[in-house]
Amino acid sequence: MTVRVRFAPSPTGRLHLGGARTALFNYLFARHHGGQMVLRIEDTDLERNVPGAEQELIEALHWLGLSWQEGPDIGGPYGPYRCTERLAWYQDALRSLQDRGLVYPCFCTPDQLAAERTQALASGQVPRYSGRCRHLSAAEQAAHMERGTPFLWRFAVPEDVVLTWDDAVRGTVSVRADDLGDFVLVKSNGIPTYNFQVVVDDAAMNITHVIRGEEHLSNTPRQLLLYQALDKPAPVFAHLPQVLNSERKKLSKRDPHVEPVLAYREKGYTPEALVNFLALLGWSPGGEQELLSLDELCARFDLARVHRSGAVFDVDKLNWIAGVYLRQQPLPWLTGQVSQQLSEHGLQPPPGSGPDWLERAVALYRDELTCAADFIELAGSVLLQPEVVWQAEALAVLRQPEAAAVVRAYRALAADDPDWTAEASRRRFRAVQQALGVKGKALYLPVRAAVTGRAHGPDLQETIACLPRAWVLARLDNALAEVGQV
RNA sequence: GGCCCUAUCGUCUAACGGUUAGGACGCCGCCCUCUCACGGCGGUAAUAGGGGUUCGAAUCCCCUUAGGGUCACCA
């Protein structure tokens with residue numbers, strides 16, 4: 001039997017990391033088994049649907065490198081792939097349950113139910129539907145209908161039944177149906193609830209494996225009940241561990257580190273890095289290699305190796321992986337990404353810079369980047385503006401005994417050196433060294449401090465060569481003035 | 001509160017009854033080096049607690065504790 005999985009998000013907002021991880025695991029599983037993946041948009045909550053969310057979702061998944069064989073964007077043999085376009089399927093299913101007396105109309109008002117729930121909670125009881133409408137006589141039902149009382153359909157949960165399934169991640173799980181309460185199948189607006197919709201659709205679309213987040217664990221027994229009632233075979237369930245924040249709480253959309261997937265694209269992360277990181281959240285490849293391409297992940301993916309406990313989203317590790325992938329990219333590609341960042345921030349290379357300037361500047365900082373946007377933070381104050389602010393550490397260097405003399409000597413040579421390259425700067429330092437007898441730290445650090453305002457940074461010769469001569473001379477002068485050594 | 005799930009270094013994880021409990025990130029040290037970063041080498045650090053079962057338990061069972069999820073006309 002061909003493996004068929006689905007990723008079934010609701011179009012209520014942007015795709016976040018947790019959702020992306022679920023999509024990725026479905027994708028990896030399908031590809032590993034040579035199966036198919038379906039994208040299904042679960043838009044049955046009319047109120048919460050956000051226009052444009054579906055399009056952005058698809059864009060985010062594509063950016064990550066994921067694809068599917070069937071979906072609202074490309075169609076397929078089991079369509080349509082938006083739930084609101086599948087109402088006929090749910091109506092048929094409801095009719096079949098009605099015929100067998102497995103459902104009943106409920107006329108309780110939302111206020112009534114809310115009041116009961118609050119009361120139950122307050123008195124330490126389990127908040128669960130009382131089943132009041134379950135035992136309404138045919139005459140009472142008819143009277144309500146005649147009066148036009150709004151109603152919904154509930155599933156009559158059988159008593160003394162234990163629902164058990166073999167979860168591909170967690171092993172055997174079982175729940176007593178008595179703990180469930182008669183849950184809603186069709187809302188008063190005629191739209192099915194999630195639990196009903198998902199079963200009808202997964203069955204209709206021949207989904208063989210349902211791989212989803214742990215928060216759905218408690219929905220599973222209800223769905224199992226529906227598969228039985230509808231006389232359909234249940235798929236294999238696999239519940240992925242939750243993705244947690246550093247406080248070990250479920251990743252919330254308000255968490256500072258949790259950004260929509262496309263925010264990572266906007267910052268110039270490589271999607272391969274994000275995918276690699278996400279794959280390691282709750283799953284391990286087994287061997288000791290953990291830097292793996294999408295193809296390698298597909299080859300190795302196995303539900304049996306999915307961990308059971310929640311996984312904390314570790315920003316440090318993401319950034320490390322992101323840096324590794326970024327360093328593997330060709331320089332021209334990275335330069336293009338950085339160039340995009342610059343224009344988005346309204347920044348430009350220094351005046352008089354040649355066409356190769358940005359590539360040289362990016363080469364200087366590439367070792368430190370986790371994403372293209374980092375370039376601005378790292379290089380911005382040194383390379384993109386004429387003036388520099390001297391940090392305390394830099395001023396301390398400039399106040400050392402021989403420092404001012406070195407800076408003055410270097411400035412004199414830089415002022416009329418016809419050659420403005422890294423190699424030329426290197427020659428100037430050699431000249432200063434011979435003239436003053438200063439070498440090593442005492443030679444380079446004062447100039448570094450004066451030119452960049454910092455005691456640390458990438459290669460000094462290249463940095464100077466990337467700056468206009470006028471900026472360098474002015475900074476050297478200003479640095480001397482700053483420490484009273486003019 | 002009921003039900004369900006979970007528990008190995010700070011974090012991601014390996015181990016599927018027998019290992020000096022392994023790797024990665026982070027952190028620390030050393031090397032490289034004008035400094036930083038990259039890279040290389042080394043180090044720090046864990047089986048939540050208590051009972052069983054067993055020749056032998058991180059691994060199997062029970063209890064405790066602690067986290068999380070869920071109990072919607074949301075998905």
Side-chain angles (χ1 to χ4, degrees), chain A residues 8-10 12 42-45 47-48 83 106 108-110 113-114 117 120-129 150-154 167 169-170 173-176 178-181 183-195 197-198 212-221 239 241-242 244 246 248-250 277 280-291 304-305 307-321 323-324 327 364-369 378 393 397 429 439-449 452 454-461:
Chain A
S10 57
T12 53
E42 309 214 322
D43 54 354
T44 52
D45 187 346
E47 324 264 274
R48 295 205 310 164
C83 296
C106 171
C108 299
T109 68
L113 296 170
R117 187 165 43 249
L121 245 17
S123 62
Q125 302 292 304
V126 178
R128 188 186 300 153
Y129 179 60
F151 68 96
L152 44 75
W153 290 94
R154 283 184 190 274
D167 196 285
V169 170
R170 277 145 216 283
V173 182
S174 59
V175 179
R176 295 209 322 277
D178 294 354
D179 294 322
L180 263 24
F183 53 95
V184 177
L185 253 34
V186 178
K187 305 182 254 186
S188 55
N189 64 1
I191 308 284
T193 59
Y194 167 71
N195 280 122
Q197 167 268 120
V198 81
R212 67 211 327 189
E214 184 183 344
E215 65 271 22
H216 288 292
L217 208 46
S218 58
N219 282 323
T220 309
H239 289 94
Q242 212 111 56
L244 312 171
S246 45
R248 299 205 74 85
K249 299 275 190 259
K250 182 180 173 184
F277 172 73
L280 262 17
L281 264 189
W283 173 78
S284 88
E288 300 210 322
Q289 187 193 349
E290 53 183 19
L291 258 18
R305 296 200 67 88
H307 216 244
R308 282 181 294 274
S309 53
V312 173
F313 179 89
D314 182 1
V315 199
D316 286 333
K317 185 141 182 178
L318 168 62
N319 285 335
W320 174 74
I321 292 182
V324 171
R327 269 171 252 131
L364 267 181
Y365 285 92
R366 81 188 299 187
D367 284 351
E368 297 178 62
L369 306 179
L378 257 19
E393 215 180 350
V397 167
F429 274 104
K439 58 178 182 177
K441 285 188 188 190
L443 175 66
Y444 295 98
L445 279 187
V447 176
R448 170 183 290 286
T452 68
R454 293 141 200 275
H456 309 294
D459 187 84
L460 183 57
Q461 318 306 344

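Naming: A, B, ... by sequence-line order, numbering from 1 per chain.
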Taking the same atom, [atom1], in [N] and in [M], what whole-Å distance lies between them?
{"N": "A45(B)", "M": "U8(B)", "atom1": "C1'", "value": "12 Å"}
{"N": "U6(B)", "M": "U20(B)", "atom1": "P", "value": "30 Å"}
{"N": "G1(B)", "M": "C25(B)", "atom1": "P", "value": "42 Å"}
{"N": "A7(B)", "M": "U13(B)", "atom1": "C1'", "value": "14 Å"}
{"N": "U59(B)", "M": "A72(B)", "atom1": "P", "value": "37 Å"}
{"N": "C27(B)", "M": "C62(B)", "atom1": "P", "value": "41 Å"}
{"N": "G23(B)", "M": "A15(B)", "atom1": "C1'", "value": "12 Å"}
{"N": "C74(B)", "M": "U11(B)", "atom1": "C1'", "value": "32 Å"}

Practice task
Let me know the distance between CZ of Arg448(A) and P of C34(B), rounded to the nearest Å.
Solution key: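 Rounding to the nearest Å, CZ of Arg448(A) and P of C34(B) are 11 Å apart.
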
Exercise for the section: Return the value, rounded to whole Å, for the distance between atom OH of Tyr194(A) and atom C1' of A75(B). Expected result: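 Taking OH of Tyr194(A) and C1' of A75(B), I get 7 Å after rounding.
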
Listed by chain and number, what are the salt bridge (Lys or Arg N to Asp or Glu O under 4.0 Å) partners of [X], not counting sequence neighbours?
{"X": "Lys317(A)", "result": "Glu290(A)"}
{"X": "Arg117(A)", "result": "none"}
{"X": "Arg170(A)", "result": "Glu214(A)"}
{"X": "Asp45(A)", "result": "Arg48(A)"}

If we call it a pair only when both distances are under 3.5 Å in a Watson-Crick or G-U wobble match, what pairs with [N]?
{"N": "A66(B)", "value": "U6(B)"}
{"N": "U53(B)", "value": "none"}
{"N": "A46(B)", "value": "none"}

Practice task
Tell me whether the OP1 or OP2 atom of C74(B) has a side-chain N or O from Lys187(A) closer than 4.0 Å.
Solution key: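 Checking C74(B) against Lys187(A), a side-chain N or O does come within under 4.0 Å of OP1 or OP2.
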
Handout entry: Phosphate-side-chain proximity, Arg117(A) and A72(B), N/O vs OP1/OP2 below 4.0 Å
Key =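 Yes, within the criterion.
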
Go through [options] for me and flag the one nearest to the [X] side chain.
{"X": "Pro127(A)", "options": "C74(B), C71(B), G69(B)", "answer": "C71(B)"}
{"X": "Ala311(A)", "options": "U13(B), C34(B), G67(B)", "answer": "U13(B)"}
{"X": "Arg154(A)", "options": "A75(B), A14(B), C73(B)", "answer": "C73(B)"}
{"X": "Leu152(A)", "options": "C12(B), G69(B), C73(B)", "answer": "C73(B)"}
{"X": "Leu460(A)", "options": "U70(B), C34(B), C73(B)", "answer": "C34(B)"}

Remember a base hit wins even if backbone is also touched, and classify [X] as base, sugar-phosphate or nothing at under 4.0 Å, heavy atoms.
{"X": "Cys83(A)", "result": "nothing"}
{"X": "Thr44(A)", "result": "sugar-phosphate"}
{"X": "Arg212(A)", "result": "nothing"}
{"X": "His239(A)", "result": "nothing"}
{"X": "Leu291(A)", "result": "nothing"}

Problem - All side-chain hydrogen bond (donor to acceptor under 3.5 Å, both in side chains) counterparts of Glu368(A), not counting sequence neighbours - result: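 Listed in chain order: nothing, the list is empty.
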
Exercise for the section: List for me each residue that meets side-chain hydrogen bond (donor to acceptor under 3.5 Å, both in side chains) alongside Tyr365(A), sequence neighbours excluded, and say none if there are none. Expected result: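 Tyr365(A) satisfies side-chain hydrogen bond (donor to acceptor under 3.5 Å, both in side chains) with no other residue.
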
Exercise for the section: Tell whether Asn219(A) reaches the base of A75(B) with its side chain through a donor-acceptor pair below 3.5 angstrom. Expected result: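 A donor-acceptor contact between them is present.
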
Practice task
Check whether the side chain of Arg327(A) and the base of C38(B) form a donor-acceptor pair under 3.5 Å.
Solution key: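 Side chain to base: no pair below 3.5 Å.
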
Test of understanding: with ring-ring contact (aromatic ring centres under 6.0 Å, His included), list the residues that count as partners of [X], not counting sequence neighbours.
{"X": "Trp320(A)", "answer": "none"}
{"X": "Tyr194(A)", "answer": "His216(A)"}
{"X": "Phe429(A)", "answer": "Tyr410(A), Tyr444(A)"}

Exercise for the section: Mark yes when over 12 heavy atoms from residues, nucleotides or ligands other than Glu47(A) sit less than 6.0 Å from its CD; otherwise mark no. Expected result: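 Incorrect, the count does not exceed 12.
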
Shorter than 3.5 Å, N or O on both sides, protein versus nucleotides 22-33 of chain B: list them out with atom names.
{"from": "G22(B)", "atom 1": "O2'", "to": "Glu288(A)", "atom 2": "OE2", "distance (Å)": "3.0"}
{"from": "G23(B)", "atom 1": "O4'", "to": "Glu288(A)", "atom 2": "OE2", "distance (Å)": "3.1"}
{"from": "A24(B)", "atom 1": "O4'", "to": "Glu290(A)", "atom 2": "OE2", "distance (Å)": "3.4"}
{"from": "A24(B)", "atom 1": "O2'", "to": "Glu290(A)", "atom 2": "OE2", "distance (Å)": "2.4"}
{"from": "A24(B)", "atom 1": "O2'", "to": "Lys317(A)", "atom 2": "NZ", "distance (Å)": "3.4"}
{"from": "A24(B)", "atom 1": "N3", "to": "Lys317(A)", "atom 2": "NZ", "distance (Å)": "3.4"}
{"from": "C25(B)", "atom 1": "O2'", "to": "Lys317(A)", "atom 2": "N", "distance (Å)": "3.3"}

Completion exercise
With B for base contact, S for sugar-phosphate-only contact and - for none (protein heavy atoms under 4.0 Å), nucleotides 40-48 of chain B reads ---------

Look for any protein N or O under 3.5 Å of an N or O in nucleotides 2-7 of chain B and output each such pair with its distance, or none.
{"from": "C5(B)", "atom 1": "O2'", "to": "Arg170(A)", "atom 2": "NH1", "distance (Å)": "2.3"}

Practice task
Map Gly286(A) and Ser188(A) onto RNA chain B by nearest heavy atom, then report which one ends up closer to the 5' terminus.
Solution key: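 Result of the comparison: Gly286(A).
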
Practice task
Please report the closest heavy-atom contact between Leu291(A) and Ile321(A), naming both atoms and the distance.
Solution key: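 Taking every non-hydrogen atom into account, CD1-CG1, 4.3 Å.
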
